[in-house]
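Read the structure below first, then the notes.
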Amino acid sequence: CENLVIVPCSEWMGDFVKESFFKDKPIYVIHNGIDINTFKVLPERKKDNRKFRVIAVSNVWTQSKGLTDLIKLRELLDKDYEITIVGLSDSQIQQLPTGIHGIKRTQNVQELVQLYNDSDILVNPTYADTFPTVNLEALACGIPVVTYRTGGSPEAVDEKTGIVVEQGDVDALAHAIVGLKNKPLRREACRARAEECFDRDKCFNKYIDLYDSLLNNK
């Protein structure tokens with residue numbers, strides 16, 4: 001593997017590579033991207049005194065994704081907030097406490113895009129992730145992200161587009177959500193970050209540029 005080049009999808013993964021037996025190999029971090037033409041900001045629906053909407057999304061909900069923490073979070077937020085969890089099984093939905101709206105996997109991507117747009121923030125209480133795509137999808141739909149400091153998850157946001165709290169600190173999650181309700185982050189800033197950093201076409205081009213540079217240096 002004399003010409004091996006390592007391309008992790010997050011700085012967090014890159015740091016692990018630097019501590020491995022591949023540490024002497026070239027390392028180029030290229031973040032994953034999404035289709036920002038599909039995940040986009042839709043015309044806002046009327047919001048007549050509705051509750052502040054928190055959404056959480058995962059393909060499968062396990063303890064490592066933070067399902068228990070979302071249930072604890074519900075206890076810390078008052079009736080002015082509602083939590084929607086997308087990606088639950090039938091049995092998980094049946095066990096949800098009052099105040100949490102459970103949805104099974106969406107039927108199509110347009111339904112998911114609408115759910116993001118109908119929400120005010122995404123909360124991602126994950127305990128194990130490399131670089132979660134849901135953060136990018138939410139930003140592209142114009143909503144900020146509150147996430148645990150887990151893996152590469154914090155790399156999706158900056159101070160204009162989200163808040164990072166320590167893993168397992170549900171009180172801090174609640175505090176961040178209340179703060180964003182009282183002082184919202186601009187949807188335009190969230191969308192702009194997705195366009196600048198996580199447009200899949202730009203990410204693909206970074207691979208092409210890397211391949212070209214490697215071929216030219218042979």
Side-chain angles (χ1 to χ4, degrees), residues 31-59 61 65-67 69-70 73-74 76-78 80-88 99-103 105-106 108-126 129 131-150 152-165 170 172-200:
H31 285 127
N32 293 333
I34 58 166
D35 182 355
I36 62 170
N37 295 315
T38 297
F39 290 93
K40 59 187 178 180
V41 179
L42 302 177
E44 272 195 89
R45 295 181 177 182
K46 197 173 181 180
K47 300 180 180 179
D48 288 339
N49 298 318
R50 69 165 177 79
K51 296 181 179 181
F52 189 81
R53 295 178 176 175
V54 179
I55 192 171
V57 181
S58 180
N59 283 329
W61 279 99
K65 291 294 183 181
L67 182 57
D69 289 16
L70 289 173
L73 178 64
R74 174 63 273 177
L76 296 174
L77 297 174
D78 63 33
D80 292 332
Y81 300 80
E82 66 179 26
I83 298 176
T84 297
I85 305 177
V86 180
L88 295 168
I100 297 183
H101 180 214
I103 299 176
R105 292 186 65 178
T106 50
N108 54 66
V109 69
Q110 286 73 28
E111 182 182 353
L112 181 57
V113 170
Q114 188 66 65
L115 285 168
Y116 282 129
N117 273 268
D118 288 343
S119 303
D120 293 293
I121 66 166
L122 172 83
V123 62
N124 188 354
T126 180
D129 250 311
F131 191 64
T133 303
V134 294
N135 294 358
L136 316 184
E137 294 171 350
L139 292 174
C141 292
I143 65 172
V145 176
V146 178
T147 180
Y148 279 160
R149 195 180 302 281
T150 296
S153 191
E155 296 174 34
V157 301
D158 59 14
E159 68 279 359
K160 296 180 181 179
T161 58
I163 297 176
V164 179
V165 304
V170 183
L173 278 183
H175 181 76
I177 291 167
V178 172
L180 289 178
K181 179 177 184 293
N182 295 330
K183 191 176 180 181
L185 295 174
R186 295 174 60 251
R187 288 201 168 207
E188 294 83 359
C190 296
R191 174 65 188 182
R193 181 163 175 81
E195 291 177 352
E196 180 182 354
C197 303
F198 308 121
D199 178 349
R200 68 177 183 183

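All values below come from the heavy atoms of this structure, side chains included, with hydrogens, waters and symmetry mates left out. In this text, all values refer to a predicted model and were calculated from it rather than measured experimentally. Residues take their numbers from the sequence shown, with the count starting at 1.
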- Message: My understanding is that only residues two or more places apart in sequence, or in another chain, count here; which of them pass ring-ring contact (aromatic ring centres under 6.0 Å, His included) with Tyr148?
- Response: Tyr127
- The reported gap from CZ in Phe131 to NE2 in His31 (rounded to nearest 0.5 angstrom) is 4.0 Å
- Query: From Arg200 CZ over to Asn32 CG, what is the distance, rounded to the nearest 0.5 angstrom?
  - Reply: 12.5 Å
- Across all chains, not counting sequence neighbours, the salt bridge (charged side-chain N to carboxylate O under 4.0 Å, His left out) partners of Glu111 are none
- Task: First locate atom CG of Leu185, then atom CD of Glu159, and finally report the distance between them rounded to the nearest 0.5 Å.
- Result: 9.5 Å
- Taking every heavy atom of Gly152 against every heavy atom of Pro132, the minimum-distance pair comes out as C-CD, 4.4 Å
- Quick one: does Thr106's side chain get under 4.5 Å of Val57's, heavy atoms only? no
- Does Thr84 have any side-chain hydrogen bond (donor to acceptor under 3.5 Å, both in side chains) partners at least two apart in sequence or in another chain, and if so, which? none
- Message: Minimum heavy-atom separation for Ser119 and Ile55, please, with both atom names.
- Response: OG-CB, 3.3 Å
Without placing hydrogens or testing angles, list every side-chain donor-acceptor pair under 3.5 Å for residues 135-143, not counting sequence neighbours.
unit_1 : atom_1 : unit_2 : atom_2 : d
Asn135 : OD1    : Asn124 : ND2    : 2.9
Asn135 : ND2    : Ser153 : O      : 3.3
Asn135 : ND2    : Ser153 : OG     : 2.9
Glu137 : OE1    : Tyr116 : OH     : 2.7

- Item | Nearest heavy atoms of Asp78 and Asp80, plus distance in Å | OD1-N, 2.8 Å
- Item | Side chain to side chain, Pro184 and Asp120, heavy atoms closer than 4.5 Å | no
- Item | Which residues share a salt bridge (charged side-chain N to carboxylate O under 4.0 Å, His left out) with Arg74, sequence neighbours left out | none
For residues 173-183, which side-chain donor-acceptor pairs fall under 3.5 Å, sequence neighbours excluded?
unit_1 : atom_1 : unit_2 : atom_2 : d
Asn182 : ND2    : Val178 : O      : 3.3

- Query: With side chains defined as the heavy atoms from C-beta onward, is the minimum distance between Leu67 and Leu88 less than 4.5 Å?
  - Reply: yes
- Item | salt bridge (charged side-chain N to carboxylate O under 4.0 Å, His left out) involving Glu155 - partner list, sequence neighbours excluded | none
- In chain order, what residues pass the salt bridge (charged side-chain N to carboxylate O under 4.0 Å, His left out) check against Asp158, with sequence neighbours excluded? Arg193
- Mind checking side-chain contact (heavy atoms from CB on, under 4.5 Å) for Asn59 and listing every partner two or more places apart, or none if nothing turns up? Arg105
- Please list, chain by chain and in numerical order, all residues satisfying side-chain contact (heavy atoms from CB on, under 4.5 Å) with Ala192, sequence neighbours excluded. none
- Query: Does Glu195 have any side-chain contact (heavy atoms from CB on, under 4.5 Å) partners at least two apart in sequence or in another chain, and if so, which?
  - Reply: Ile36, Arg191
- Partner residues of Val164 under the side-chain contact (heavy atoms from CB on, under 4.5 Å) criterion, sequence neighbours left out: Thr147, Arg149, Pro154, Val157
- Shortest non-hydrogen separation from Leu42 to Val113 and the atoms involved: CD1-CG1, 4.0 Å
- Would you check if the side chain of Asn117 reaches a backbone N or O of Lys40 as a donor-acceptor pair within less than 3.5 Å? yes
- Message: Distance check, rounded to the nearest 0.5 Å: Ile121 atom CD1 versus Ile83 atom CD1?
- Response: 9.0 Å
- Item | Phe52 side chain reached by Leu77 side chain, heavy atoms, under 4.5 Å | no
